[in-house]
Trainee: 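Please see the structure below; I have some questions.
Basis for what follows: all heavy atoms, side chains included, without hydrogens, waters or symmetry-related copies. Letters A, B, ... are given to chains in the order of the sequence lines, protein chains preceding strands, and every chain is numbered from 1.
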Amino acid sequence: MTRVLAAVAWPYANGPRHLGHVAGFGVPSDVFARFMRMSGHDVLMVSGSDEHGTPILVLADSQGVTARELVDTNHAIIAHELADLGCSYDLYTRTTTGNHYAVAQELFAQVWKNGYMIERTQKGAISPSTGRTLPDRYIEGTCPICGYAEARGDQCDNCGNQLEPEDLIEPRSKINGETPDFVETQHFFLDLPALAESLRAYLEEREASGTWRPNVIKFSLNILDDIKPRAMTRDIDWGIPVPLDGWRDLPTKKLYVWFDAVVGYLSASIEWARRQGNPERWREWWNEADALSYYFMGKDNITFHSQIWPAELLGYMGKGDKGGEPGIYGELNLPTEVVSSEYLTMESQQFSTSRGHTILVRDVLTRYQPDALRYFICAAGPETSDADFTWRDFVQRTNSELVAGWGNLVQRTATMLHKSFGEIPVCGPLASEDKAVLAAVETGFEVVGGLLRRQRLRQATAEAMRVVGEVNAYISRTEPFRMKGEDQRERLATVLHVLAQCVSDCNTLLAPMLPHSSNAVHRVLGGEGDFMPMPQVVEVTDLDDGRAYPIITGDYSATPAWGRRPVVAGTPIAKPAPAFVKLDESVVAEELARMAD
RNA sequence: GGGGCGUUAGCUCAGUCGGUCAGAGCAGCGGACUCAUAAUCCGUCGGUCGUCGGUUCAAGCCCGACACGCCCUACCA
C-alpha cells in the first residue's frame, strides 16, 4: 500500500464550470483516484475553488457585488457540480479560508527567508481610480507597429507582434476606458534562476522515470532555458496579505493569485487533517519520501505545476543556489507526476464563456445521466491530444456503447436470471466456453488496471468495453434463452451463474469510470446499498475564522477491491429496470438549437 | 518571432524496441437470433499511413525539407 496524493487543479471561481474543465482533469483525476483506492492505496484527493485575482474583482465590480459575495456564490455552485459528477474528493475547499491564508503565508515567508524572494521595482500599469494593477490584457490601444486600433497590451491580434502596454498609442483600460498610469512599483519576485539547477535535476530525474506524457516533460525542460524571476505579488486589494513587516498592512499589495493557488494542494491536505481531528496526518502524503503525488490539470497549467510549484517547494526547503532551511512543514515532496490533458473543443471551436460558445456542466447534469458524461470523457476525452465534443458523438457513444453495449448486457442477464430462477443459481460443472469467458474477463483486471495506473483512460475504457463485448458474444454462443427443457436446467443454471459473475466483474472494471451506474448495476444483481462510495457536499465552518462554507468530502473506506468478487448463489434477482437511459436522436438538434440562442 | 503537438479506412482514433502493423470502434452492406431499452452476435466492403527526398536488407515508425491544422509562449487564471 502506498500513499497517493491526487492533486486536482483548482477551478477559478468566476462562474459555473463548462465541459472543458471536467473533461481535462475533473473526471480523469476522479477515475484515477477511485482506481487507486480500489487497488488498496491510501489516496488523499484534494482540490478547491481558486478565488483571488483580477478577473474575480473585475467581474464582481461589473455585477455590483463584492468579490467575497461573488466567490461565495460561485464556490457553492462549483462544489455542487463536481459532487453531482461524482468526483470523490477527500476535501474540496477554497482559497479564502483562514487555513489557506496561513499556509500560503508560511510558504511565502520561508521562501523569502531563504533568499528566493527578491524585491524589485517594475514598471506597471495602475488604474488611477482604484489603484489596482491593470494586467496587460486589460489594456488596449492602437498598435504602434500596424496601427490596429484594438491591440491588447500584451500582443496585437492584427499583426501578431508582442507588445509592451506602454508602447500602445492612446492606451486605455478595457474595464472603464480610463487612461492607465504607468508607475514604478515594488514587488517580490520568485528567484527562479537560483532554483533552476535544482529544478532541472528534479525534472531530469522525472524524465528518466519515463512515466510523464512526452509533451509535458519536454515542455517543462524546455522552458527552463530562458527562466527569469517572476513577480509573486500584485497591486490589488483582493488576495492574501504579504506576510512581511512593512507589507502586511498595505491594502493594495497582495500575493499573486498563482502563488497561493498552487499552495492549495498543501493547505487543503492540512485542512483535511485538521478536520479529521488528526492535524499532523497530512505529513504522511507530504513528508514521507515514498509517497506518490499526481497532479491533474489542463495544458495551460503545466508551467505552474512543473516549474512554479516545484520552485516554491524547493525555495521553501532551501534547496537552491542560495541554500537555506525548510520551514515548519519540513521536507515536502515534489510532484511525482504532472498529468496534463489537452483541450476539449466544442463542435470544433474552443470553449469560450465570453462568446457564449459553451456547455455548462450543470446543464448537462440536469438533462442527462452523470455517467453518460463521464463515459464520453473517459472514452473520447482530450487525453493526449485535443478532442472535440459534439452532441452527435455524445448521443452516439451513449446509445451504442453505454446503453446498447454495457447496459443491455446487464439488462438481458438480469432478466434471464429473474425469469428462470429469481435468484443467482448454483453453478454446475464448467464447460470450456464458460472457463474461457471467465478467464477473458478476469484478465481485464490486469489489463484495464495497468492502463488506469498510467492514466491511459481512453484505452482503459475501450478495453473494458471490449471485455463487455466478449460477454455479449458468450450469450450468443451459449444461447441460454433457448434452454427451455428440464433436462437443460443444470446447464442453464451454470451459464447464468457464469454470466452473473461476468457482469459483476465488468461492473467492477467500469466502476472507476461509472461510479453512479456501478451502484445501480450492483443493486440489479441483488446487492445492497452502494458499491462505490459517493462524495457529499457538507456545510462546515472555517476552522480559524468561523465563517460557514460548503466543502466536498466523503468516506471512501468502503471502496471495493480491484478484482473478482465471487457472486453468491441464492442471491435474489428482481425484475430489472434499465440502469441506463437511451437518448433520443432529437437531443442533437435540441442542444444545437440551445447553443445558438 | 521562439517552442511543442498533430496529419493512418466515410467519421473518431490505436499503432511500444524499425521486421504478420495495415488495425479497432462507429457508420455502410449481408446474414443469424429473440433473453434484452430494435438491443445483441457473425461475416463483409473500405486506406499510396499529409507531400517530397534520405538512411536501411526492411519505415506510419528513424532523419531532412515542405504543406495544412492545433496549442503553448501574458502582470488571465
Trainee: Please list, by residue number, the residues of residues 46-63 of chain A whose heavy atoms come closer than 4.0 Å to an atom of RNA chain B; answer none if no residue qualifies.
Mentor: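 Result for residues 46-63 of chain A: A:D50, A:G53, A:T54, A:P55, sorted by number.
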Trainee: Can you check the distance between B:U8 and B:U40, where both ends of the measurement are the P atom (answer in whole Å)?
Mentor: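 Nearest-Å result for B:U8 against B:U40 at atom P: 28 Å.
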Trainee: Sequence neighbours excluded, which residues qualify as salt bridge (charged side-chain N to carboxylate O under 4.0 Å, His left out) partners of A:E463?
Mentor: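 Residues passing salt bridge (charged side-chain N to carboxylate O under 4.0 Å, His left out) with A:E463: A:R466.
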Trainee: Between atom NZ in A:K299 and atom P in B:U73, what is the gap in whole Å?
Mentor: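 In whole Å, B:U73 P lies 10 Å from A:K299 NZ.
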Trainee: Is any side-chain nitrogen or oxygen of A:K218 closer than 4.0 Å to OP1 or OP2 of B:C72?
Mentor: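 Indeed not, no polar side-chain atom of A:K218 lies that close.
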Trainee: Select base, sugar-phosphate, or nothing to describe what A:E342 touches, counting heavy atoms under 4.0 Å on all strands.
Mentor: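 No contact.
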Trainee: Separation of A:I236 atom CD1 from B:C76 atom P, in whole Å?
Mentor: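 After rounding, the reported distance stands at 11 Å.
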Trainee: Looking at every strand, decide which applies to A:K123 at a 4.0 Å heavy-atom threshold: base, sugar-phosphate, or nothing.
Mentor: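 Since a base atom lies under 4.0 Å of A:K123, the category is base.
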Trainee: Give one of base, sugar-phosphate or nothing for A:D388, where a contact means two heavy atoms less than 4.0 Å apart.
Mentor: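 Here A:D388 touches no strand at all.
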Trainee: Just to be sure I follow the notation: if a pair is Watson-Crick (purine N1 to pyrimidine N3 plus N6-O4 or O6-N4) or a G-U wobble (N1-O2 and O6-N3), each under 3.5 Å, what dot-bracket string does RNA chain B give, with | for pairs to another strand?
Mentor: (((((((..((((.....[...)))).(((((.......))))).....(((((..]....))))))))))))....
Trainee: Round to the nearest Å and state the distance from A:Q459 atom CD to B:U16 atom P.
Mentor: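 The answer, rounded to whole Å, is 11 Å.
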Trainee: Using the closest heavy atom to pick a nucleotide of RNA chain B for each, name whichever of A:R456 or A:Q396 lands nearer the 5' end.
Mentor: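 This one resolves to A:R456.
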Trainee: Taking atom types as modelled, is there a side-chain donor on A:R392 or A:T390 under 3.5 Å from an acceptor on the other?
Mentor: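 Distance-only check fails for A:R392 and A:T390.
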Trainee: Assess the pair A:W247 and A:F188: is the distance between their ring centroids shorter than 6.0 Å?
Mentor: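 Here the rings of A:F188 and A:W247 have centres that are less than 6.0 Å from each other.
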Trainee: Say you pick atom C1' in B:C35 and the same atom in B:C29; how far apart are they, in whole Å?
Mentor: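 Roughly 27 Å separates the two C1' atoms.
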Trainee: Quantified in whole Å, what is the P atom distance between nucleotide B:G23 and nucleotide B:G60?
Mentor: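 Those two atoms are separated by 13 Å.
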Trainee: Please tell me whether A:Y92 and A:S49 have a donor and an acceptor in their side chains that are separated by less than 3.5 angstrom.
Mentor: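 Side chains of A:Y92 and A:S49: pair found under 3.5 Å.
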Trainee: From CG of A:D226 over to P of B:G4, roughly how many Å is that when rounded to an integer?
Mentor: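 Whole-Å distance recorded here is 13 Å.
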Trainee: Give A:F304 one of three labels, base, sugar-phosphate or nothing, depending on what nucleic acid heavy atoms sit under 4.0 Å from its own.
Mentor: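 The answer is base, as A:F304 lies within the cut-off (heavy atoms under 4.0 Å) of a base atom.
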Trainee: Mind checking the P distance from B:U55 to B:G15? Whole angstroms is fine.
Mentor: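 Between the two P atoms, the distance is 29 Å.
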Trainee: Kindly indicate whether a cation-pi arrangement holds for A:R230 with A:F259, taking the cut-offs as under 6.0 Å to the six-membered ring centre and within 45° of the axis.
Mentor: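 That pair does not qualify as a cation-pi contact.
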Trainee: Can you check the distance between B:A22 and B:C45, where both ends of the measurement are the C1' atom (answer in whole Å)?
Mentor: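 The answer is 16 Å between these two C1' atoms.
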Trainee: In whole angstrom, give me the gap between the C1' atoms of B:C42 and B:C63.
Mentor: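 Between the two C1' atoms, the distance is 46 Å.
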Trainee: Only distances under 3.5 Å count here; give the side-chain donor-acceptor pairs of residues 447-457 of chain A to other protein atoms, sequence neighbours excluded, each with its distance to 0.1 Å.
Mentor:
from, atom 1, to, atom 2, distance (Å)
A:R454, NE, A:G450, O, 3.2
A:Q455, NE2, A:R453, O, 3.1
A:R456, NH2, A:Q459, OE1, 2.8

Trainee: When you check the glycosidic angle of B:G50, does it come out syn, meaning within 90° of 0, or anti?
Mentor: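 Because its glycosidic torsion lies more than 90° from 0, B:G50 adopts the anti conformation.
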Trainee: Treating primed atoms plus P, OP1 and OP2 as sugar-phosphate and everything else as base, which nucleotides of nucleotides 36-46 of chain B get B, S or - for protein heavy atoms under 4.0 Å?
Mentor: BB-SSS-----
Trainee: I'd like the C1' distance from B:U12 over to B:C76, given in whole Å.
Mentor: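 Between the two C1' atoms, the distance is 33 Å.
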Trainee: Over all strands shown, is A:D235 touching base, sugar-phosphate only, or nothing at heavy-atom distances under 4.0 angstrom?
Mentor: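 No contact.
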Trainee: Take the protein atom CH2 of A:W258 and the nucleotide atom C1' of B:C76, then report the distance between them rounded to whole Å.
Mentor: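 Distance, rounded to whole Å: 11 Å.
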Trainee: Would you say the side-chain atoms of A:N472 pair up with the backbone N or O of A:G405, donor to acceptor, closer than 3.5 Å?
Mentor: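 Yes, because the side chain of A:N472 sits within donor-acceptor range (under 3.5 Å) of the backbone of A:G405.
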Trainee: When the nearest nucleotide of RNA chain B is assigned to A:F481 and to A:N222 on a heavy-atom basis, which residue is associated with the more 5' position?
Mentor: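 Nearest-nucleotide comparison on RNA chain B picks A:N222.
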Trainee: Considering residues at least two apart in sequence or located in another chain, which fulfil the salt bridge (charged side-chain N to carboxylate O under 4.0 Å, His left out) criterion with A:R234?
Mentor: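 Expected list: none.
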Trainee: Taking 4.0 Å as the cut-off, does a side-chain nitrogen or oxygen of A:R234 come that near to OP1 or OP2 on B:A77?
Mentor: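 No, A:R234 has no side-chain N/O under 4.0 Å of OP1/OP2 on B:A77.
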Trainee: Ion pair present between A:R200 and A:D225, side-chain N to carboxylate O less than 4.0 angstrom?
Mentor: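 Salt bridge present between A:R200 and A:D225.
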Trainee: Nearest whole Å is fine: how far is B:U73 C1' from A:I227 CD1?
Mentor: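 Taking CD1 of A:I227 and C1' of B:U73, I get 14 Å after rounding.
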Trainee: Please confirm whether the backbone N or O of A:A9 pairs with a side-chain atom of A:S47, one donor and one acceptor, at under 3.5 Å?
Mentor: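 Checking the backbone N and O of A:A9 against the side chain of A:S47, a donor-acceptor pair under 3.5 Å is found.
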Trainee: Say you pick atom C1' in B:A74 and the same atom in B:G18; how far apart are they, in whole Å?
Mentor: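 So the two C1' atoms sit 42 Å from each other.
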Trainee: Is there a donor in the side chain of A:T345 and an acceptor in the side chain of A:D388, or the other way round, less than 3.5 Å apart?
Mentor: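 Yes, A:D388 and A:T345 have a side-chain donor paired with an acceptor closer than 3.5 Å.
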Trainee: Can a side-chain donor-acceptor contact be found between A:T233 and A:H187 if the only test is distance below 3.5 angstrom?
Mentor: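 A:T233 and A:H187 do have a side-chain donor-acceptor pair below 3.5 Å.
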Trainee: Tell me whether B:C52 sits syn or anti, counting syn as a glycosidic angle within 90° of 0.
Mentor: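 Anti conformation for B:C52.
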Trainee: Counting side-chain heavy atoms from C-beta on, which of B:C70, B:A77, B:U34 comes nearest to A:R482?
Mentor: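 Among the listed nucleotides, the one closest to the side chain of A:R482 is B:U34.
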Trainee: Is it true that A:D191 and A:R120 make a salt bridge, defined as a side-chain N closer than 4.0 Å to a carboxylate O?
Mentor: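 No, no charged N to carboxylate O under 4.0 Å.
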Trainee: Report yes or no: does A:D371 contribute a side-chain atom to a donor-acceptor pair with the main-chain N or O of A:H516 at less than 3.5 Å?
Mentor: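 Pair found, side chain donor or acceptor close to backbone of A:H516.
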Trainee: Between A:H418 (NE2) and B:C35 (P), how many Å, whole number?
Mentor: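 The answer, rounded to whole Å, is 15 Å.
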Trainee: Does a side-chain N or O of A:R466 approach OP1 or OP2 of B:A24 to a distance below 4.0 Å, or not?
Mentor: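 No, no such contact exists.
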Trainee: In whole Å, what is the span from the CD1 atom of A:I302 to the C1' atom of B:G3?
Mentor: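 After rounding, the gap between these two atoms is 12 Å.
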Trainee: Classify A:R213 by what it touches in the nucleic acid, base, sugar-phosphate, or nothing, heavy-atom distance under 4.0 Å.
Mentor: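 Answer is nothing: A:R213 stays at 4.0 Å or more from every strand.
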